[in-house]
Structure formats: C-alpha cells, structure tokens
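Taking it in order: structure first as structure tokens, then the write-up.
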Amino acid sequence: MRLQGKVALITGAGSGIGRATALRFATEGAQIVAVDIAGAVNDTVAEVLAAGGDAIAVHADVSVESDIAAALGRAEEHYGGLDVAFNNAGIMLDDDTDAVATGDETIDRTFDVNVKGVLYGCKYAVEAMRRRGGGSIINTASFVASVGAATPQIAYTASKGAVLSLTRELAVVHARESIRVNALSPGPLRTELLMSFLDTPEKRQRRLVHVPMGRFGEAEEMASAALFLASDDASYMTGANLQVDGGLTAAYVTPE
Ligand code: NAD
C-alpha cells in the first residue's frame, strides 16, 4: 500500500499507460481522479471500483486550460486535496512525418496536447500541492526525446523534448516546496497508440531491431515505474528522466 491515503490525478486514464496506472495506483491505496477526453475513462473507473478501489472519472481535454482547472478542482472537492499528478495524456498524429511534409495544424495540435496539456497539468498541480504541503508530479515524455528516428514524427519528437525540459525547470523551481517533478520516458509499447500506427509485421520489426530486449514494453511496466516516482521510495528524486525502454537509449549495436 505505497500510496495509502494519497490522491492521484491521472490524465489519459482511458487507455494504455494511464489506464494501467490508475488500476495499479488504486491497488496501492490511492484515490484516483481519472481524466480523459474519451468516454473510455468510465470503463477504467468501473474497473477500479470493481476491484475494490476508489476512483472518479473526469471528462476533460488537457489542451484546454479551463478543463484542467476544473479537473483539479474536482480532485480537491471530492477527495480534499492532491498528492500525485501524472500528466500522461499524449497524441501522435498520422500525418506527423518529417519537417518538410508536416503541416501547421498537426504541429499545433500535437503541441497543444503534448506540451500545453502537460504544462497546464503542472500549473494546477503545483497550486494544489502547495495547499497540501508537497507532492509528486510525473510527466510522460518518450524515448524519442533522447534519440532520433529515421522514421520521423517531428512534431511528436519535438513535443516530447519540451516535456523533458519543462520537467527539469519545474523540478528546480519547486524543489524547496517539497514538490518533486520527474519525467517518465517509455520505450515503444504494445499499446493502442503505437500498435495502430505499426500495423504491419515489417513496421514492427523495423523498430524491434533497435530494442536490446527484443520486445515492446507493456503499459503495466510503465505503471510500475510511475508508482516508484509517485511514492516516497523516490523521495530524493526530482528533475530526473526515468527511461523505461528495454535498453533502447543505451544501445549502439543490439543482440542478433
Ligand atoms: P493511448 O493512446 O493508449 O492512451 C492515451 C490516452 O490519452 C487516450 O485514452 C486518449 O483518449 C487520451 N487523450 C488524448 N488526447 C487527450 C486530450 N487532449 N485530453 C485528455 N485525454 C487525451 O496511449 P499510451 O501509449 O498509453 O500513451 C500515453 C503516453 O505515453 C503518451 O503521452 C504517449 O506519448 C507516451 N508514450 C507512449 C509510447 C508508446 O509506445 N505507446 C512510447 C513513449 C511514450
């Protein structure tokens, strides 16, 4: 019960990493505010409740500041405060390719959700955590913030680099307020987001050759890492980028 008595807000909780983390945090004793733009967040909450946990669903678009403010408001109103904010919602658009071909609309929407969404999440979490006397913020970045890919998604990659840098700065600014801010950088995962994009065995193999462990990661493996960052086990950790990527960012030549 590493999150006993803690209130945790998770964005993108309707699917993939966010859903797995909501279920995991709840089994560790947290009260969950599950946030998503999609109706699937209701299913996540139903799963938490069925397992004996405590959760509420909030429908919100993280790129809209007033939605985030309202979501944080719900956390404080319903559970009396906020201890953990997992700013995890993110998008990767189909027509996001290289710098020459990627249009303005795609760049703007990607940055609105992946960067502004995380920044708004941090802004309102910091305010709520000040009222609480501290807390842990976790922002989902990606391995592509650290290594380039010849299969480009330039807007997505740039947005994840921004998540890393804003995480570092927030960590330093709020370190003496007992607010820790860390990034979680997943490797390529077997979630809806990536598998719908890598829809042929060839596309998947093109990526897997670069992963030393030779497999995609699982959402549950990210939930374990998020749990560590959320809990007091990570009490001396802030401004870090926790790379959970099967060895990808450490690799030059991978095993056959
Ligand atoms: P996913 O698509 O399974 O889940 C993302 C969730 O975010 C969905 O439920 C979606 O409805 C929600 N969402 C999208 N836009 C939103 C918005 N504007 N407001 C609120 N909710 C919104 O994806 P996932 O694989 O679980 O990805 C979660 C995070 O992990 C993302 O930030 C993604 O960039 C990052 N990531 C994923 C991978 C991967 O391989 N899957 C790798 C590295 C990083």
Side-chain angles (χ1 to χ4, degrees), residues 9-24 33-45 47 57-72 85-94 96 108-121 124 138-147 149 151 153 155-164 166-167 183-199 203-204 207-208 210-211 213 215-223 225-226 241-246 248-249:
L9 182 145
I10 299 168
T11 69
S15 171
I17 298 172
R19 177 187 158 275
T21 304
L23 297 174
R24 184 70 192 278
V33 181
V35 179
D36 207 292
I37 199 169
V41 70
N42 294 328
D43 301 335
T44 302
V45 166
E47 281 184 82
V58 178
H59 295 264
D61 179 343
V62 297
S63 70
V64 177
E65 185 170 3
S66 56
D67 275 19
I68 291 287
L72 267 292
F86 186 23
N87 297 308
N88 165 73
I91 55 168
M92 196 169 72
L93 299 176
D94 285 344
D96 183 0
D108 284 346
R109 184 62 190 154
T110 303
F111 270 70
D112 282 350
V113 176
N114 293 7
V115 184
K116 280 170 105 177
V118 171
L119 199 46
Y120 293 148
Y124 288 92
I138 305 149
N139 296 327
T140 304
S142 168
F143 66 99
V144 300
S146 303
V147 292
T151 48
Q153 290 155 305
Y156 180 82
T157 297
S159 74
K160 293 301 186 178
V163 171
L164 279 193
L166 73 84
T167 297
L184 171 61
S185 281
L189 304 184
R190 210 169 53 86
T191 63
E192 180 57 30
L193 180 128
L194 192 64
M195 291 304 108
S196 60
F197 182 73
L198 304 181
D199 51 3
K203 284 187 195 168
R204 288 195 280 275
R207 273 76 177 175
L208 280 178
H210 297 287
V211 183
M213 285 190 180
R215 66 171 176 86
F216 292 112
E218 300 293 335
E220 289 72 19
E221 292 174 307
M222 302 307 118
N241 175 25
L242 186 57
Q243 305 191 98
V244 187
D245 62 7
L248 191 158
T249 49

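The basis for the numbers below is simple: all heavy atoms, side chains too, and nothing from hydrogens, waters or symmetry mates. In each ligand, atom 1 is the first atom listed, and ligand 1 is the first ligand listed. None of the values given here were measured: they were computed from a predicted structure.
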Name all residues meeting the side chain to side chain donor-acceptor pair (under 3.5 Å) criterion together with D199; count only those two or more places apart in sequence or in a different chain, and write none if there are none. K203
Atom CZ of R190: over 12 foreign heavy atoms under 6.0 Å: no
For T110, all residues meeting side chain to side chain donor-acceptor pair (under 3.5 Å), sequence neighbours excluded: none
What do the steps show when you test K116 against D67 for salt bridge (Lys or Arg N to Asp or Glu O under 4.0 Å), and what is the final call? CA-CA 12 Å; K116 280 170 105 177; D67 275 19; over 6 Å; no
Taking non-hydrogen atoms within less than 4.0 Å of ligand 1, which protein residues qualify? G12, G14, S15, G16, I17, D36, I37, A38, A60, D61, V62, N88, A89, G90, I91, R109, V113, T140, A141, S142, Y156, K160, P186, G187, P188, L189, T191, L193, L194
Answer yes or no: does atom CE of M213 have more than 12 heavy-atom neighbours from other residues, nucleotides or ligands under 6.0 Å? no
Not counting sequence neighbours, which residues clear side chain to side chain donor-acceptor pair (under 3.5 Å) with Y124? List them please. E65
